[in-house]
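Data block below; observations after.
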Amino acid sequence: MKLIVAIIQPDKLDEVHQALVDNEIFRITVSRVAGHGQQEDPDLYRGQEVAPSLLPKVRLEIGVNDAFVEPTVEAILRGARHGDGTIGDGKIFVMPLEDCIRIRTGERGGSAI
Amino acid sequence: MKLIVAIIQPDKLDEVHQALVDNEIFRITVSRVAGHGQQEDPDLYRGQEVAPSLLPKVRLEIGVNDAFVEPTVEAILRGARHGDGTIGDGKIFVMPLEDCIRIRTGERGGSAI
Amino acid sequence: MKLIVAIIQPDKLDEVHQALVDNEIFRITVSRVAGHGQQEDPDLYRGQEVAPSLLPKVRLEIGVNDAFVEPTVEAILRGARHGDGTIGDGKIFVMPLEDCIRIRTGERGGSAI
Amino acid sequence: MLAARTSPATQRISTRMVLPAGGLLLVLAAVVALAWSDSAATPLPVQPPVDTGATAWMLVSTALVLLMVPGLAMFYGGLVRTKNVLGTMMHSFAAMAIIGVLWAVAGFALAFGPNTLGGWIGWDPGNVFLHKIDATVSPGGVPDLVFAMFQGKFAIITPALIAGAFAERVRFRGYAVFIALWSLLVYVPLCHWVWASDGWLFRLGAIDFAGGTVVHISAGVSGLVAALYLGARRGYPQTAMHPNNLVMTLMGVGLLWVGWFGFNAGSSLTSGVKTAQALAVTQVAAAAGALAWMCIEAVHHRKATSLGIASGILAGLVVITPAAGVVQPAGAVALGFVASGLCYGMILLKNRLGYDDTLDVFGVHGTAGIAGAVLLALFVRAGEMPEGRAAITQLGVQSLGVLTTIVYCAVMSLVLLVLVNRTVGLRLGSAGEMAGMDHELHGEHGYGLLNLN
Amino acid sequence: MLAARTSPATQRISTRMVLPAGGLLLVLAAVVALAWSDSAATPLPVQPPVDTGATAWMLVSTALVLLMVPGLAMFYGGLVRTKNVLGTMMHSFAAMAIIGVLWAVAGFALAFGPNTLGGWIGWDPGNVFLHKIDATVSPGGVPDLVFAMFQGKFAIITPALIAGAFAERVRFRGYAVFIALWSLLVYVPLCHWVWASDGWLFRLGAIDFAGGTVVHISAGVSGLVAALYLGARRGYPQTAMHPNNLVMTLMGVGLLWVGWFGFNAGSSLTSGVKTAQALAVTQVAAAAGALAWMCIEAVHHRKATSLGIASGILAGLVVITPAAGVVQPAGAVALGFVASGLCYGMILLKNRLGYDDTLDVFGVHGTAGIAGAVLLALFVRAGEMPEGRAAITQLGVQSLGVLTTIVYCAVMSLVLLVLVNRTVGLRLGSAGEMAGMDHELHGEHGYGLLNLN
Amino acid sequence: MLAARTSPATQRISTRMVLPAGGLLLVLAAVVALAWSDSAATPLPVQPPVDTGATAWMLVSTALVLLMVPGLAMFYGGLVRTKNVLGTMMHSFAAMAIIGVLWAVAGFALAFGPNTLGGWIGWDPGNVFLHKIDATVSPGGVPDLVFAMFQGKFAIITPALIAGAFAERVRFRGYAVFIALWSLLVYVPLCHWVWASDGWLFRLGAIDFAGGTVVHISAGVSGLVAALYLGARRGYPQTAMHPNNLVMTLMGVGLLWVGWFGFNAGSSLTSGVKTAQALAVTQVAAAAGALAWMCIEAVHHRKATSLGIASGILAGLVVITPAAGVVQPAGAVALGFVASGLCYGMILLKNRLGYDDTLDVFGVHGTAGIAGAVLLALFVRAGEMPEGRAAITQLGVQSLGVLTTIVYCAVMSLVLLVLVNRTVGLRLGSAGEMAGMDHELHGEHGYGLLNLN
Ligand SMILES: Nc1ncnc2c1ncn2[C@@H]1O[C@H](COP(=O)(O)OP(=O)(O)O)[C@@H](O)[C@H]1O
Ligand SMILES: Nc1ncnc2c1ncn2[C@@H]1O[C@H](COP(=O)(O)OP(=O)(O)O)[C@@H](O)[C@H]1O
Ligand SMILES: Nc1ncnc2c1ncn2[C@@H]1O[C@H](COP(=O)(O)OP(=O)(O)O)[C@@H](O)[C@H]1O
């Protein structure tokens, strides 16, 4: 099992979500975060361009069985890109997941994902 | 050492927190997230039921020594269930944790947890 | 590759960020969280001190190549301490990271970090 | 008495309104309206001329007191937890809806009609739906409808104030029924006693310029009884419960201050020197209350809080309410200082006693209301008391009024609370309380910040 | 006609103002101002005495209607998604800026000048920049400038209302041009027909006390046409789109209610019995609307929502607008109930039909506006109709006014929408819509909560 | 002089009030109040009759100017970082508390008493606690207490404006002492010079209708001096510091606009043609300012921001303040345009110079205030200047008034800043600045969204 964490642009959440559903990944956890990378996206403040050091991003957290790692990554790549890829499109991190427990039933492991 | 991430229902935070304290887990980090799973929990909007694709959830992050994994999981299971378990009660993920550093002292490893 | 998660005090975000940049770590993801540990930091409410069970904290998430683990940890320690270390200064967790994908290009592994 | 004066039909209407049902009412209202719109053609007796200036100020005062309702919603809404913000604000808005209709249908007729049932309440069947005063003008030159609407706003805000005492733990349905009954059986009689020209407290010469007893003591005491009867919130006081939005609370107190000018200076029912005096002391007492609370906190905790300044403003505004037209600025400063001191102490006492008057309705409105109603006797302008009366006598009269109000409100509120809780249900269950009123009772969330798409 | 009356110079000014360019205008304005400040020295004819009371109330009403603009911004702003909150509020504020200037430059002269172009519009070149009425007083004793400003606020709020129908998907630039044109070519003629003393609907005896047709039906119908022409938001209705801040929506509706007192009671243009009547029914209808909506939801979904209560307030306020000075409280209750029922039904119908009238401008303002303008004939006071006219005849006249308004607004709005969309561009592109108006069009974010430093 | 006129006792009171101590004061106030409530029985001389209409409008204006204080709190509060939102709002609310009391105790007596100390200030010991004017009516028919309260609101808002210049980096305690001193030593003298009938600038025929010099220039200049003396925020300008809640800033500017009607039109001290003129130009100038700023941004950055529209509104409102009663709508449009242009330029200049006038108090209030006070001479109605005076002479007089104000404020503010910073401490330490004022100084958090239980 793996835990996949992806940082994407907020405006792509819908499309990523759709792409995941298309690849049969139905369960995700989402949060608002702020990110610093290469991207610059200034706001305006009284006549001045202000480039915030932290830009709003969305963080996805998805626990998957090993077979689903590639479909998940592929779905995110498909949904999260602006055009052919633009600076700020984000990152995907894949981490080992040792166990997963469904709270409702207490089930463990792959079937609980 | 393990890092335990749990996604629970917001209204169970208090009880989970209490259950953790009962099992002598005192340090946690909490954040608001939104989750998509099997649960549906519609809001009303001008006479219409609107089922949001993302429901409010709470995310717990707890670093523990190996001996505390089971007590932690057990406490969460105990505190987070609605009745005998209801859809939407959430998930627990257990990940390997290679190191832990207490910023205040610089201590490392199990004693820093 | 490692994923480093750090929980720090909100007022130290700027300094930690600067310290990371000084150590040539340029990409981070930040979120607001709430933490429970040893620290107590009461608010006032109509003449009464109210110690919240959860205090505002900032969570950093940084994916790094192995060689950068120590510089990252060192930068966080340097930036996040109040004086010589004060209760509530936070924790750093280091987790194994199996893969990293840059969404823009689809690059994988160490070069995508 | 009541039966002899009204036709059974109208009577049935006024009873039915208590329950927010409305379907049948719609038809009835239409019929009644049509009937009356004809009869309105009958010529009116000669009227006093309209004083456009006094009327203008009373119209404005009505608008200002209305502004207090969203102000209160914001003040209270900011102090509860995120999951209850809408439910708490709804308490104010529902009072607007329910009492707003009820007052026009029967409340005004009951409060300002001639004594009935031995003076317990008034009743003027001609003023069901404010019919009789449709085009009449008071001797002061202000159309009676304006007075009725101005008074209606007081009737709205009083139950909304109570809601703070049992915030975060009541069912909306029960609340709606409770305030409807409370309004008819507690507020309306009190209002009649104190402000109707044949009310017994009015006749005794009790001074209550803008509602210290009628509004604040009644809300404070009823709130206290409700808080005690319904019990504390789950987890109180061990769990720290943080205000979700003190920023909104500050905005709310700003609107309350502005609206209070209408509340107090409008209670002069004219636009002249008395009005100016009421406005001036309102301003000064609020500032003094805020300053005093700030100083107390600075001494007690070395920090002045924004909630403290807001509470001080409120304490100052409440304490001056009964006294607005009758004391001078120096007295207002003194009252403002005293009020903040007493309220601060009362809240500390509450914390020690451990009951859960959630937003300190008794702690602020009750305490400062009592202080104002009693102490005003010490600061009153010489000419304002019934001729030849000594300050000490007036103090006695004031205390009598206050005591009666406390006892009446406590007893009646308890009866109504038990009644509503046992029938419709008032106290929210533990699961609902955990989930939060907003989603549980109203199917909504206050802030959608997390919903990203 | 128009050409014959104005000098080419002034004409050019009034045309140019339509585009928010301003550079040249500044110079022109300065010149004009200097020229006029001299000419103002010519002695004025004898004037009616000022009624300070009526003037005071009209000044206040002007301020209250202005308060509705931020109120509307908050109401609308709270209902959209986080990424569009500022852009949506900007629609109200931009109306303040654009129509605020336009009205002073030419709008008032066009709306309240004598009939021109066969009565389609008015025109009084002396009132460009409100010059002629600088110091005149109306027979009612209110300075004409106050009336012009009061009316100007109506001109501001009407296009701001429309914006709710196409919220979350228009370009700011196109919106600015659209409302400027719409104001001159739709609002101003309507306003002239209904309220100018030589307007044809006014002469027919159509009753529109405070703008049921001019403001609400026109905004509702134009909004509907715009929603249909521009199409739905990306993802509507599959994607659930949650209000970002219902708390703010509640605050907004509170301010709207308060402001509406100015809107309706101010439309009496005096401070007397008629004003009191207008204020009373406004209050009662709003409460009745809220109560009805609450009850409908309680029956339909077993939950009363805060947005429901807010919508009911709005429905009640809109329905009473055309009827404010002419019905009695009982009629107001009836109208409030009917309005909430109809609006609730209309919104359900919209959901079934699937078009995206985003914030239900037609569902609330159009529906309740039509209901009020037509049904008021059933509840009107006997003395309010042109002598000897039967309720049924009045109903016919009202319907004629409503139908004309609907047709005129629908056709003209469509023409303007096509025009603006094809030239300046009105519909926002898909990428911009995904990114959100706030950052895309205005370079800002509404809430900076995530920015920690 | 001062000593000769007051009894030592009252003098001590007025001095002591400067420090927010209050304990002793309470007792004193009570004594004084009791003493006076008796003496108030002495018969008053024959008074002018009350004009209820003018009084109504002045009461309303007082309420409207009070509304500006929460409006300002919201405007400023929204622009700072999340950790400072309450502390910033507290600056406005504390001004309400401190100056609110101070004005009643001694401020009014100092500002509007007869010349003393060679005309530097006024003093009327009878008006300590507004005693002498308790029941008097001005020749215009407005009770003097209303005027005193109306003026008191100006005294409150001016120091609150200054706070924007050193937002996010001052201690609350020092701020409280600073504004108390500033109010007595800077505001009160200025107010006396310009508005008291024996003030030297008033006598020179300087036109300052509603406070361009007294309020805006004084706040702007003092703010600038404070920003320079206290230095920039930690990290400024490298670190981007984002507004935490532009949504609230927009709400705030809405309330400011509404409140400004009271500010400007209320300054006519009546309810008539002059009032109407003041209200009209206020409306038009604000709209013009907003429109101009919108256009400038659209040209400069291809995007119109909501903060831009808000700033333009403010610029327009400030520029018209000194000119409100004396220019015509065309002039108001011109002034609004010019003001936005100048303020925009001034802020760009500030960015280049690098000093940290955090919320652009000088950039907006100072700049537009100066522009308005000087340029009004070009647009003034013929009849408004002292007889026979040419525009150019008036321009000279205006410039003299402006220059004096600038110099006086700059010098005195600097003295007070140094004094307070060295004694009580004004500049917040680096650790406190990082932690944020809300938690550090007030023990609170503005938004509790993260506190989940
Ligand atoms: N190594 C990393 N650790 C943590 N977050 C990262 C890392 N790299 C990228 N991110 C996140 O992804 C976002 C996009 O990164 P950016 O550098 O702008 O894009 P790209 O990698 O396509 O050039 C950043 O704002 C940050 O939140
Ligand atoms: N595989 C997963 N990856 C990430 N989050 C998950 C996963 N499974 C569940 N969640 C989180 O847990 C929440 C509850 O899941 P749900 O499917 O409703 O409950 P259950 O598993 O009990 O049926 C979801 O809203 C989501 O936030
Ligand atoms: N084992 C842990 N798991 C998760 N979060 C932790 C853990 N230990 C500390 N934290 C986070 O770090 C913060 C600081 O911890 P605290 O105990 O106050 O400091 P210290 O360890 O220096 O005494 C906590 O509020 C919490 O958010």
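Chain letters run A, B, ... following the sequence lines, proteins first, then strands; residues in each count from 1.
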- Task: Would you mind telling me which of E:I296, E:L250, E:V85 has the largest number of heavy-atom pairs within less than 4.5 Å of chain D?
- Result: E:L250

- Task: Could you check if a side-chain atom of E:K303 sits within less than 4.5 angstrom of a side-chain atom of D:E440, using non-hydrogen atoms only?
- Result: no

- Item | D:Y447 side chain reached by E:N244 side chain, heavy atoms, under 4.5 Å | no

- Task: Find the one option among D:S271, D:P70, D:P143, D:G100 whose heavy-atom pairs under 4.5 Å with chain E are most numerous.
- Result: D:P143

- Message: Between D:M251, D:K153, D:M248, D:M58, who has the most heavy-atom pairs with chain E when the cutoff is under 4.5 Å?
- Response: D:K153

- Message: Would you say that E:L279 contacts D:L145 through its side chain, given a criterion of any heavy-atom pair below 4.5 Å between the two side chains?
- Response: no

- Task: Answer with side chain, backbone, both or neither: which region of D:A63 has an atom nearer than 4.5 Å to a non-hydrogen atom of chain E?
- Result: both

- Task: Start with the C-alpha gap between E:M294 and D:I98, add the side-chain angles, then the distance that decides, and say whether side-chain contact (heavy atoms from CB on, under 4.5 Å) holds.
- Result: CA-CA 10 Å; E:M294 230 169 82; D:I98 296 168; 3.9 Å; yes

- Does E:Q328 reach the main-chain N or O of D:D134 with its side chain, forming a donor-acceptor pair under 3.5 Å? no

- Query: Are side-chain heavy atoms of E:I313 and D:F93 found at a separation under 4.5 Å?
  - Reply: yes

- Side chain from CB out, backbone as N, CA, C, O: work out which of these in E:Q283 comes under 4.5 Å of a heavy atom of chain D, or both, or neither. side chain

- Task: Check whether any side-chain N or O of D:H442 sits under 3.5 Å from a backbone N or O of E:A304 as a donor-acceptor pair, and report yes or no.
- Result: yes

- Counting heavy-atom pairs under 4.5 angstrom with chain E, the leader among D:V50, D:L441, D:N245 is D:L441

- Any idea which of E:G254, E:A332, E:G262 has the most non-hydrogen atom pairs under 4.5 angstrom with chain D? E:G254

- Sort E:V60 into side chain, backbone, both or neither according to what part of it lies under 4.5 angstrom from a heavy atom of chain D. side chain

- Please check if the side chain of D:E444 supplies one atom and the backbone of E:L307 the other of a donor-acceptor pair under 3.5 Å. yes

- Show the numbers, then the answer: is there a side-chain contact (heavy atoms from CB on, under 4.5 Å) between D:L67 and E:W257? CA-CA 8 Å; D:L67 185 64; E:W257 190 335; over 6 Å; no

- Task: Tell me, for E:A292 versus chain D, whether the close heavy atoms (under 4.5 Å) come from the side chain, the backbone, both or neither.
- Result: neither

